[in-house]
Each structure stands twice: as structure tokens, then as C-alpha cells.
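Comments concern the structure below.
Only heavy atoms go into these numbers, but all of them, side chains included; no hydrogens, no water, no symmetry mates.
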Amino acid sequence: MEASFEVTVQIAIAVFAGIGAQVLAAYLRVPSIVLLLLLGIVLGADGVGLLHPQLLGTGLEVIVALATAIILFEGGLNLDLRELGRVSLSLQLLVTLGTLITLLGGSMAAHWLGEFPWNIAFLYASIVVVTGPTVISPLLKQINVDRQVATLLEGEGVLIDPVGAILAFVVLDTIVNGDADPVNAIIGLIMRLGVGAAIGAAGGYFMSLIFKRANFLSSELKNLVVLAVLWSLFTLAQMIRSEAGVMTTVVAGIVFANSSVPEERSLRSFKGQLTTLGVSVLFILLAADLSIASVFALGWGSLWTVLVLMMVVRPINILLCTWNSDLNWRQKLFLSWVAPRGIVSASVASLFAILLTQRGINGGDAIKALVFLTIIMTVVCQGLTAGWVAKCLQITSQQAKGAVIVGCNPLSLLIARFFQERGENVVLIDTDPECVAQAEAQNIRIIASSALDGEVLAEAGLASMGTFLAMTSNGEVNFVLAERASEEFNPPRVLAVFPRDPQANGAANSKIQQAFVSDLAIKTWNEYVNDGRVKLGTTTLNASEFASQQGHIQDKIRAGVLVPLLVERAERLQILPANQDWEVGDRIIYLLHDPRPNLLKRLSGASQSTPLVLEKLPEVEERPLARLPQLSASEVPGI
């Protein structure tokens with residue numbers, strides 16, 4: 001068999017196995033890296049022997065370098081500077097002080113517990129200071145953790161990768177050249193970070209110009225141009241200063257993503273697919289090249305080294321770096337538990353093993369084995385338990401509070417007051433000066449701008465809110481606003497008032513839910529509230545009468561005289577979707593149409609300014625007698 005065909009077979013097996021692992025992981029809802037590592041080891045020399053990455057020669061290093069560039073660029077694309085601003089101090093400390101804590105703590109553990117010499121111990125610690133965005137991002141999407149925590153973990157994973165990779169190469173350079181001067185090491189680190197950041201910033205701006213001004217190019221061709229420019233920037237940075245390329249790719253992604261580029265979504269999709277392919281192939285190849293015997297040869301000391309890194313060093317890191325933050329103890333505990341290592345650690349360890357062996361320095365294989373042991377333990381232990389831990393700590397995004405409501409009208413003001421009285425953040429968005437004045441008169445925060453602007457939604461704090469509700473008088477606009485909010489901010493609950501069947505417009509397969517009831521006549525109900533032709537009622541569903549209560553309320557909804565607004569369940573207040581399944585114990589808050597003429601109401605002393613009082617209404621609380629066949633619905637009082 002020719003050598004070229006052998007290489008082709010190896011790549012084909014790696015791609016097929018990697019994508020297969022991704023598909024299986026999606027089906028089983030487990031972190032893909034777990035199956036990638038397992039499958040890579042099974043296919044490698046210590047398994048069935050189908051994969052032999054050494055046949056690729058230096059080509060493996062090329063694949064690692066170019067794939068890492070794409071992975072880090074895609075990570076930079078996903079960083080939102082507006083969200084990072086909320087956790088900027090903690091993030092800065094994690095990337096700086098946190099790196100130092102992990103370096104010192106990891107090296108001491110590797111030396112005293114793993115019995116590695118100090119130089120090799122420091123090299124190991126420098127490799128594992130990074131937390132992999134390729135592991136964290138899919139994990140966070142799967143468990144839907146609180147947005148503030150997710151932003152901090154994603155930001156740490158992306159920004160610490162270039163810092164950690166460059167730090168590792170500085171430590172390696174010190175070991176190989178025998179220069180132990182810390183000043184030179186620090187200068188080398190700063191130079192690589194500075195060169196990489198400068199080239200990345202200029203390159204990211206240049207790529208954004210291509211997307212904005214090169215209108216003669218199709219979106220597909222623009223994506224390929226960006227890929228070509230990215231690899232060129234990476235290579236240029238590497239030529240100027242070794243290992244500066246990793247910083248270049250991250251900064252280029254951040255600058256590009258925050259340049260308001262049109263058609264950016266197509267680039268994100270393209271780069272996301274390349275990242276998935278790159279991660280899949282790299283993990284399969286690197287895991288196949290791992291010697292299981294070398295892992296077992298490390299002994300129990302190395303196992304204790306990793307456990308100390310997970311259970312002692314990481315919590316100390318989080319405690320010190322988030323000391324003055326507004327994170328609560330639950331969020332900090334979750335951050336302390338989740339720090340899986342990923343592809344950057346694996347690729348750097350594999351490369352270092354080759355370089356140390358070539359230089360005749362012992363410890364290369366041992367470092368690689370220890371790094372992979374760290375990856376396996378952190379990914380398996382933390383990746384498989386993160387969802388359970390988040391639920392136990394009650395920090396999943398489904399438990400996020402507060403609401404952003406687009407459209408200031410009598411109904412939205414009423415809902416906003418309920419959230420405000422519960423101590424939850426609520427923000428209204430509208431462009432009508434009269435509506436803005438009404439909200440301000442009730443001390444409800446309102447932004448006088450268009451919700452079509454993502455900056456406005458960010459200013460409203462949608463990234464950390466639990467609910468988005470679009471309830472302007474235009475159903476088409478509401479649906480578009482909800483789609484945009486869902487795509488850009490992904491809040492846990494996205495609702496909109498739109499007078500169409502969800503099945504007819506494709507909303508049934510999206511995250512967007514119809515608010516309150518199907519085909520709500522929002523203009524009519526706003527007029528009812530303005531004219532005082534409504535009562536505000538509450539009903540708690542009990543076990544003995546659950547079916548009859550629910551049926552009676554649904555009858556009134558179908559008759560068009562009742563609109564359920566909110567449900568209180570497990571002491572949490574939420575806006576009711578039209579398709580909500582009610583449960584025993586739910587407290588339903590609703591509006592009931594009171595058709596008495598305005599004249600009669602005024603004669604009885606009522607006025608438009610009379611505030612609505614939440615009460616149990618007899619016509620809803622008490623089940624009516626069976627209707628007589630000869631009476632129409634309009635002749636039965638309260639129905």
C-alpha cells in the first residue's frame with residue numbers, strides 16, 4: 001500500500017469516527033469529547049489498531065496548528081463584549097491571577113504528589129492552566145446554565161487559551177535553553193501576547209471590511225476569504241514571534257464579531273461547522289496516539305495530582321478571582337467545579353512530547369500521559385455531572401428571573417407591576433413618548449428606543465433575564481422581535497402576541513411561544529383596561545376540583561371574556577404561554593371582562609383611574625350550574 005494512500009485511509013477513519021462520535025453524543029446528550037476520547041483510544045494502537053497517527057509525520061503538527069487557529073477564532077466570534085462587561089473584573093482576574101494560581105498550585109501538586117522534577121512539573125501546570133472552549137461551549141448549551149455564569153466560563157475558556165498556550169511555550173523554551181531568568185520569561189510572554197493581539201486586531205478589522213464592502217462577493221466566498229485571511233494571519237504571527245498565532249486568532253475573532261458585520265450569522269455557521277470537524281478529527285487522532293501503558297505507569301501520585309487540581313486549586317482560584325463580584329455562593333461553587341481541559345491542552349501536550357524527545361529531554365511521554373489523564377478526569381467527572389450540579393444549585397437559565405417587555409400599553413404595564421412587586425427586574429421598551437411617560441409615572445424602567453436594535457436589548461439586560469415578551473399591537477412585528485431575541489440572546493422563555501396559529505407559521509418548531517391565549521385581541525383588551533371594563537382575578541387550582549376548574553376557565557377563555565396573564569408555581573411568577581399545561585397548585589392570575597357600560601360604572605362610583613385589585617372572583621371561583629338549553633350564553637350572568 002502506498003504511503004499516500006495510507007495517510008488518506010487514516011484521515012478518512014479519523015473523520016468518520018469523529019463525526020460518528022458527535023452524532024452519538026448528540027443522541028445520548030453527553031459531552032462529545034467523552035466519546036471522542038474513548039473512540040480514539042479504542043481505534044489506536046492500544047485498541048483495535050486501526051489508527052496510527054504517527055504515519056502522518058509532521059502533517060499531524062500542521063493539522064493541529066491550522067485546526068487550532070479555526071477553533072480559537074470561532075471562540076473569539078462567540079464572545080460578546082457587552083456581556084463580558086458584566087463580569088469583566090472577574091474575567092480579568094481569572095485570566096491573570098487565575099493563571100498564576102493554577103500554574104503554582106498545579107506545579108506543586110505535580111512535584112510533591114506526582115514526583116515530577118520541578119521543570120517538568122511547571123511545564124505540566126502551564127499546559128493545564130487553560131480550560132477548553134470546545135468542551136465548555138457545548139456543555140453550557142446542553143445544561144442551559146445561568147447566563148452570567150455561562151459568560152464567565154466561555155470568556156475564560158477563550159481568553160485563557162492563548163495565554164496558557166504561550167505560557168507553556170515560554171516554559172518549554174526556558175527548559176530547553178536552560179535560561180531560568182524569570183524576567184526574560186515574562187518579557188517573552190508579553191511580546192508574544194502583544195504581537196499576536198496587534199496582528200489579530202488589524203486582521204479582524206480587515207476581515208470586517210471585506211464583509212462590509214466587498215459586495216461583489218457571495219456570502220459563501222466571503223466565508224472562504226475570511227478562512228484564507230485567518231490562516232495567513234496565523235502564519236504571519238508565527239513567523240514574527242513563535243506561538244503568537246494563537247493570540248492572533250482569538251483577537252481577530254473578537255474584533256470581527258464586534259464590528260457590526262452584515263451576514264455574520266452565515267460566517268458563524270460556517271466556522272462552527274469547521275470547528276466541529278476540527279475538534280472531532282484532532283481528538284480522535286491525539287487520543288489514538290496516546291499510550292495507555294504510559295498513563296498507568298504514572299502511578300497513584302498522578303491521580304492525586306489531578307484531584308488536587310480539581311478539588312483544591314480550582315476552588316481557590318475561583319474564590320480569589322470572584323471575591324468582590326456579585327456572584328452568589330451557588331454560582332461560585334459551580335464555577336469551582338467546572339473547568340474541563342480541551343483540545344488546546346491535548347495538542348500542546350502532544351507537540352511537547354515530540355519536541356522534548358527530539359531534544360533528548362526525559363519526561364515528554366509522561367507529561368503527555370498526565371495531561372490526557374487530566375483531560376479525561378475533568379471531562380468525564382465534570383462534563384457528566386455539570387447538569388446535575390447546576391440543577392441542585394438552582395442556577396440553570398430556566399430559573400432566571402426578570403423580564404424584558406417590548407410594547408408599553410395597559411396590559412404590559414399591569415404585568416410589569418406584578419414583576420416589580422415581586423422584586424424582579426423588569427424593563428419595558430417602546431418608542432411612543434406618551435407611553436414612556438406613563439411607565440415613568442409608575443416608576444417602571446423603560447427604554448425609549450426600538451427593540452429591533454440589539455444594543456437596546458443588551459442595554460435592557462436581556463442576557464440575564466428569564467423572560468422576553470413582545471406584545472405590541474402588531475403581531476408580525478412581535479414575532480420578528482421574538483425571533484431576533486431568541487437567536488441573539490437565547491433567554492429561557494420567549495413569548496410573543498401574534499394572532500396566527502403557530503402551526504401555520506413555523507413557530508411550533510421554534511422556541512417562541514404564543515403569550516396568554518391564541519389569537520389574543522390585544523387592542524380590544526387594552527381598551528377594556530383603559531375603560532375600566534375588567535376585573536383582576538386569581539384562582540388556585542386544587543386537586544379535588546382540578547378538572548372542573550380548568551374546564552370552567554377554558555370555557556371562559558374560548559368565550560373571549562377571560563385572559564390568563566400569569567401563573568405562580570413553586571413561588572415563581574411566569575407569564576403564561578397559550579399552550580401551558582396547568583398543574584395542581586398553580587395560582588392563575590387573569591383578567592375578566594366586565595361588560596357593564598361606562599355610564600353605569602361611573603354612576604356607581606367607579607372611574608378609569610381606579611386601580612385594579614387582585615381578588616377571587618365568584619363568577620370564576622364558583623362553578624356555575626348547568627346551563628339551561630333555552631338560555632343563550634349572553635343570558636347567563638357572569639359567563
Test side-chain contact (heavy atoms from CB on, under 4.5 Å) on Leu327 and Leu335 and set out the steps. CA-CA 10 Å; Leu327 297 172; Leu335 290 169; 3.7 Å; yes
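- Looking only at distances, a side-chain donor or acceptor of Asn478 sits under 3.5 Å from a matching main-chain atom of Val497.
- In this structure, the side chain of Lys511 does not engage the main chain of Ala482 through any donor-acceptor pair within 3.5 Å.
- Across Cys408 and Leu413, no two heavy atoms sit closer than the pair SG-CD2, 3.9 Å.
- With a 4.5 Å cut-off on side-chain heavy atoms, Ile588 and Leu576 count as touching.
- Checking side-chain atoms of Gln513 against main-chain N and O of Asn579 turns up no donor-acceptor pair under 3.5 Å.
- Rounding to the nearest 0.5 angstrom, the gap separating the CZ atom in Arg445 from the CD1 atom in Ile429 is 8.5 Å.
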Evaluation steps, side-chain contact (heavy atoms from CB on, under 4.5 Å), between Val529 and Leu414: CA-CA 9 Å; Val529 176; Leu414 179 62; 5.5 Å; no
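- In this structure, the side chain of Gln514 engages the main chain of Phe498 through a donor-acceptor pair within 3.5 Å.
- Separating the CD atom in Glu156 from the CG atom in Asp161 is a distance of 9.5 Å, to the nearest 0.5 Å.
- Nearest heavy-atom pair, Val255 versus Tyr205, reported as atom, atom and distance to 0.1 Å: CG1-N, 3.6 Å.
- Taken from CD1 in Ile136 to CG in Leu152, the straight-line distance is 9.5 Å, to the nearest 0.5 Å.
- For Trp337 and Phe334, the distance between ring centers is not under 6.0 angstrom.
- Note that the CD atom of Glu527 and the OG1 atom of Thr524 stand 5.5 Å from one another [nearest 0.5 Å].
- Partners of Leu100 by side chain to side chain contact (heavy atoms under 4.5 Å, CB included), not counting sequence neighbours, listed by chain and number: Leu104.
- In terms of heavy-atom proximity, Asn530 sits nearest to Pro410 at OD1-CG, 3.5 Å.
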Evaluation steps, side-chain contact (heavy atoms from CB on, under 4.5 Å), between Phe418 and Leu565: CA-CA 10 Å; Phe418 271 102; Leu565 300 178; 5.6 Å; no
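- Looking only at side-chain heavy atoms (C-beta outward), Trp329 and Leu393 come within less than 4.5 Å of each other.
- Using a 4.5 Å heavy-atom cutoff, the side chains of Thr151 and Leu91 are not in contact.
- Counting all heavy atoms, side chain and backbone alike, Leu469 lies closest to Ala496 at CD1-N, 4.3 Å.
- The backbone N or O of Ala437 sits nowhere less than 3.5 Å from a side-chain atom of Glu440 that would complete a donor-acceptor pair.
- In plain terms, the two heavy atoms of Thr99 and Val129 that are nearest each other are O-CG1, 3.9 Å.
- Counting heavy atoms from C-beta outward, Ser259 and Lys212 have side chains that approach closer than 4.5 Å.
- By the salt bridge (Lys or Arg N to Asp or Glu O under 4.0 Å) test, Arg213 is found to be paired with no residue, residues two or more places apart in sequence or in another chain being considered.
- Identified under the ring-ring contact (aromatic ring centres under 6.0 Å, His included) test for residues 132-160, with sequence neighbours left out: none.
- The two residues Met465 and Val427 make their nearest non-hydrogen contact at CE-CG2, 4.0 Å.
- Asn474 and Thr472 form no side-chain donor-acceptor contact under 3.5 Å, judged by distance and modelled atom types alone.
- Within the 3.5 Å criterion, the main-chain N or O of Thr322 finds a donor-acceptor partner in the side chain of Lys332.
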Steps toward side-chain contact (heavy atoms from CB on, under 4.5 Å) verdict (Val226, Phe270): CA-CA 11 Å; Val226 167; Phe270 175 64; over 6 Å; no
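- Taking the side chain as every heavy atom from C-beta outward, Pro491 and Leu462 approach each other to under 4.5 Å.
- Between Phe489 and Val404, every side-chain heavy-atom pair lies at or beyond the 4.5 Å cut-off.
- Among residue pairs with one or both ends in residues 402-424, those qualifying as side chain to side chain donor-acceptor pair (under 3.5 Å) are Asn409-Ser412, Arg417-Gln442, Arg422-Glu568; sequence neighbours excluded.
- Legend: residues meeting ring-ring contact (aromatic ring centres under 6.0 Å, His included) with Tyr590, ordered by chain and number and at least two apart, are absent.
- The SG atom of Cys321 sits 4.5 Å away from the CG atom of Leu94 when rounded to the nearest 0.5 Å.
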Exercise answer: donor-acceptor pairs, residues 447-454 side-chain atoms, under 3.5 Å, sequence neighbours excluded:
residue	atom	partner	partner atom	Å
Ser450	OG	Leu452	N	3.2
Asp453	OD1	Glu455	N	2.9

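- You'll find the side chain of Ile395 stays beyond 4.5 Å of the side chain of Leu333, heavy atoms only.
- Looking at heavy atoms from C-beta onward, Ile589 lies in side-chain contact with Leu573 at the 4.5 angstrom threshold.
- Taking CG from Asn542 and CG from Asp586, the interatomic distance works out to 11.5 Å, rounded to the nearest 0.5 Å.
- For the pair Asn526 (side chain) and Leu411 (backbone), a donor-acceptor distance under 3.5 Å is present.
- A donor-acceptor pair under 3.5 Å links the side-chain atoms of Gln382 to the main chain of Ala339, judged by distance alone.
- Between Tyr528 and His593, the ring-plane angle classifies as parallel under the 30° and 60° cut-offs.
- Listed for the Thr102 side chain is a donor-acceptor partner under 3.5 Å among the backbone atoms of Gly98.
- Of the residues listed (Ile415, Leu495, Leu520, Val406), the one engaging Met471 in a side chain to side chain contact (heavy atoms under 4.5 Å, CB included) is Ile415, and it is the only one.
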